[in-house]
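All heavy atoms count here, side chains included; hydrogens, waters and symmetry mates do not.
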Amino acid sequence: MGLDFSILPAYADILWKGTLWTIALTVLSMFFSLAGGVVFAVLQLNRHAIIRWPVAGFAWLFMGTPLLLQLFLIYFGLVQIGLDLNAFVAGVIALSLHFAVYNSEIIRSAIVAVDKGQYEAARSLGLSQFQAMRKAIVPQAVANVTPALGNMMIALLKESALVSVIGVMELTLSAQRAISDSFRPFEFYIAAGAIYYVLNLGLEQAVRVAERRSAQYR
Amino acid sequence: MDFALIGRIWPFFAEAAWVTIEVSMLAIILGLILGFAAALASLSRNVLLRWPARAYVSVFRGTPALIQLFLLYFGGPQIGIHLGPFEAGVIGLGINIGAYMCETIRGAILSVDKGQTEAGRCLGLGQTQVMRRVILPQAARMMVRPLGVNAIALIKGSAIVSTISVLELSYTAHRYISSTYKPFEMFILASIFYLAIVTVFSFGVKKIDERVALES
């Protein structure tokens with residue numbers, strides 16, 4: 001069977017919808033993984049071991065196991081405890097938790113990396129505790145953290161393809177639906193790959209802008 | 001937690017863990033070969049070498065590994081490439097991680113001081129000799145750990161070959177979740193094997209790193 005890319009336009013609609021779902025999935029998971037990353041990082045810097053240890057154990061487990069396995073756990077596990085969420089919600093939860101753990105490692109080391117003298121200097125200039133944090137520490141930590149977090153977000157976009165296995169109709173599963181109708185896997189996986197590539201380029205551009213913006217605080 | 005069930009089925013997971021190890025190690029070897037070749041090609045002055053290497057890295061790092069795997073396994077037959085699940089898994093994962101390893105190796109080579117090349121050339125060494133005897137030994141020291149990070153990401157990423165029915169850890173976990181409805185037990189069981197593999201592998205990388213650092 002030869003290749004025939006002229007079949008693609010007939011399925012433009014399903015691919016377009018899949019692309020929109022991939023974007024929605026990625027943007028939501030980015031937001032929650034960053035928020036979760038901050039929360040985990042702060043918890044891991046807590047003075048009390050009772051708070052630190054469970055978070056560290058969870059992080060260790062999630063950093064040492066595949067996202068696909070975590071996806072199975074969350075999708076089937078939530079059903080078992082009586083929470084029959086739809087696949088999209090389960091996908092967002094799994095992607096967010098998985099990347100929140102990685103983000104928290106980055107954020108934690110960035111907070112620790114800001115020199116203590118910065119805080120002391122801000123305090124001796126008359127800034128309050130909160131002001132010192134907001135005006136001196138956080139901007140510098142953000143500048144340190146942006147390139148690494150940007151890489152994580154780029155990884156998240158590509159890993160989002162995995163949620164197709166639990167039945168989320170995003171780009172990968174949309175391509176599969178088109179294939180089961182047309183019997184042309186090569187053409188549709190090339191098309192899906194091209195769309196992911198373009199999304200990836202756009203995201204890389206956005207990350208570069210964010211890096212430049214945050215670098216001024218360094 | 002159903003420990004009786006875990007006690008009964010863990011041997012199947014152990015067997016599947018071997019498949020995960022086999023797929024991962026073969027893919028890592030393929031990735032290292034491809035990554036090394038692509039890194040040298042991308043640093044070449046010859047456009048015919050440099051350009052394809054840059055394109056390889058850009059395309060395979062810019063798209064999901066899952067799509068690459070499906071393209072190879074399901075789309076391959078359309079262009080005359082017929083592979084079994086295991087072969088497709090190894091080749092698909094290997095090509096993907098090779099692109100990441102290329103960037104790691106390239107970075108390590110570029111981080112060696114330019115003066116080293118110049119000094120080597122002044123001493124009368126040819127370009128290949130400089131690369132082989134001066135640059136690469138120094139770059140090797142810097143690439144062991146980051147390549148280890150790439151490899152560990154691959155071991156975890158190898159779970160995706162379960163989608164083309166390679167009977168490895170994640171496939172086995174999924175199958176038992178469907179037949180027993182015990183997702184937590186299966187997750188824990190598969191996690192133990194993944195964590196064991198990753199821990200042993202990290203230890204190996206650390207040992208190699210110490211050895212290489214000692215030599216140079």
Side-chain angles (χ1 to χ4, degrees), chain A residues 1-4 22 60-81 98 151 154-155 157-166 170-173 175-176 179-180 183-201 203-204, chain B residues 20 58-81 96 100 152-163 168-171 173-178 180-199 202:
Chain A
M1 188 156 73
L3 299 181
D4 179 16
T22 283
W60 177 74
L61 186 61
F62 261 48
M63 286 181 92
T65 53
L67 172 61
L68 191 66
L69 206 57
Q70 295 160 14
L71 208 54
F72 291 153
L73 172 74
I74 288 163
Y75 184 58
F76 297 107
L78 288 176
V79 172
Q80 204 194 21
I81 60 172
H98 181 82
N151 283 340
I154 290 167
L157 168 64
K158 285 175 281 176
E159 298 282 278
S160 76
L162 281 188
V163 302
S164 62
V165 300
I166 59 166
E170 41 67 81
L171 183 49
T172 304
L173 192 56
Q176 279 168 6
I179 289 163
S180 55
F183 303 108
R184 295 207 160 265
F186 194 90
E187 289 86 339
F188 280 99
Y189 285 130
I190 288 281
I195 296 171
Y196 274 114
Y197 188 75
V198 171
L199 292 178
N200 192 57
L201 279 185
L203 185 57
E204 272 179 348
Chain B
T20 288
S58 172
V59 167
F60 284 89
R61 287 178 80 217
T63 53
L66 192 66
I67 293 281
Q68 296 161 22
L69 192 65
F70 285 165
L71 181 66
L72 179 66
Y73 183 66
F74 297 113
Q78 271 175 279
I79 54 167
I81 301 171
N96 178 260
Y100 289 88
I152 287 166
L154 177 114
I155 293 172
K156 287 179 279 171
S158 74
I160 65 170
V161 300
S162 63
T163 57
E168 44 71 86
L169 267 176
S170 293
Y171 183 90
H174 190 198
R175 207 183 64 194
Y176 277 105
I177 289 172
S178 311
T180 65
Y181 300 106
K182 301 256 186 226
F184 292 103
E185 283 84 347
M186 299 310 131
F187 175 77
I188 294 297
L189 196 46
S191 297
I192 291 170
F193 284 103
Y194 274 112
L195 289 166
I197 296 169
V198 168
T199 306
S202 311

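When atom types are taken as modelled, the side chain of A/E187 and the backbone of A/I190 share no donor-acceptor pair closer than 3.5 angstrom. At distances below 3.5 Å, at least one donor-acceptor pair connects side-chain atoms of B/Q68 with backbone N or O atoms of B/T63. Not a single donor-acceptor pair under 3.5 Å links the side chain of B/K156 to the backbone N or O of B/Y194. The backbone N or O of A/I179 lies less than 3.5 Å from no partner atom in the side chain of A/Q176, so there is not a single donor-acceptor pair. Judged by distance alone, the side chain of A/E204 and the main-chain N or O of A/I154 form no donor-acceptor pair under 3.5 Å.
Residue A/L68 touches chain B through its side chain alone, counting heavy-atom pairs closer than 4.5 Å. Of the atoms belonging to A/L78, not a single heavy atom falls under 4.5 Å from chain B. Of the atoms belonging to B/I160, heavy atoms from both backbone and side chain fall under 4.5 Å from chain A. Looking at A/S164, only its side chain comes within 4.5 Å of chain B, counting heavy atoms on both sides. Contact of B/L195 with chain A is made through backbone and side chain together, with heavy-atom distances under 4.5 Å. Contact of B/S170 with chain A is made through backbone and side chain together, with heavy-atom distances under 4.5 Å. Of the two parts of B/F74, the backbone and the side chain both hold a non-hydrogen atom closer than 4.5 Å to a non-hydrogen atom of chain A. For A/L67, no part sits under 4.5 Å from any heavy atom of chain B, backbone or side chain. For B/S162, the part lying under 4.5 angstrom from a heavy atom of chain A is the side chain only.
Contact between A/A161 and A/T172 at its shortest, heavy atoms only, is CB-OG1, 3.3 Å. The nearest pair of heavy atoms linking B/I67 to A/A192 is CD1-CB, 3.9 Å.
Highest contact tally toward chain B, considering only A/L203, A/L162, A/L171, A/L201, is held by A/L162 [criterion: heavy-atom pairs under 4.5 Å]. Put simply, of B/L71, B/I155, B/L66, the one with the most heavy-atom pairs under 4.5 Å next to chain A is B/L71. Counting heavy-atom pairs closer than 4.5 Å to chain A, the top-ranked of the candidates B/G80, B/A190, B/P64 is B/P64. Annotation: maximal heavy-atom pairing with chain B below 4.5 Å, among A/V165, A/V79, A/V198, A/L73, occurs at A/L73.
If you take CD1 on B/I177 and CZ on B/F184, they are separated by 10.0 Å, rounding to the nearest 0.5 Å.
Using cut-offs of 30° and 60° on the angle between ring planes, the pair B/H174 and A/F72 is parallel.
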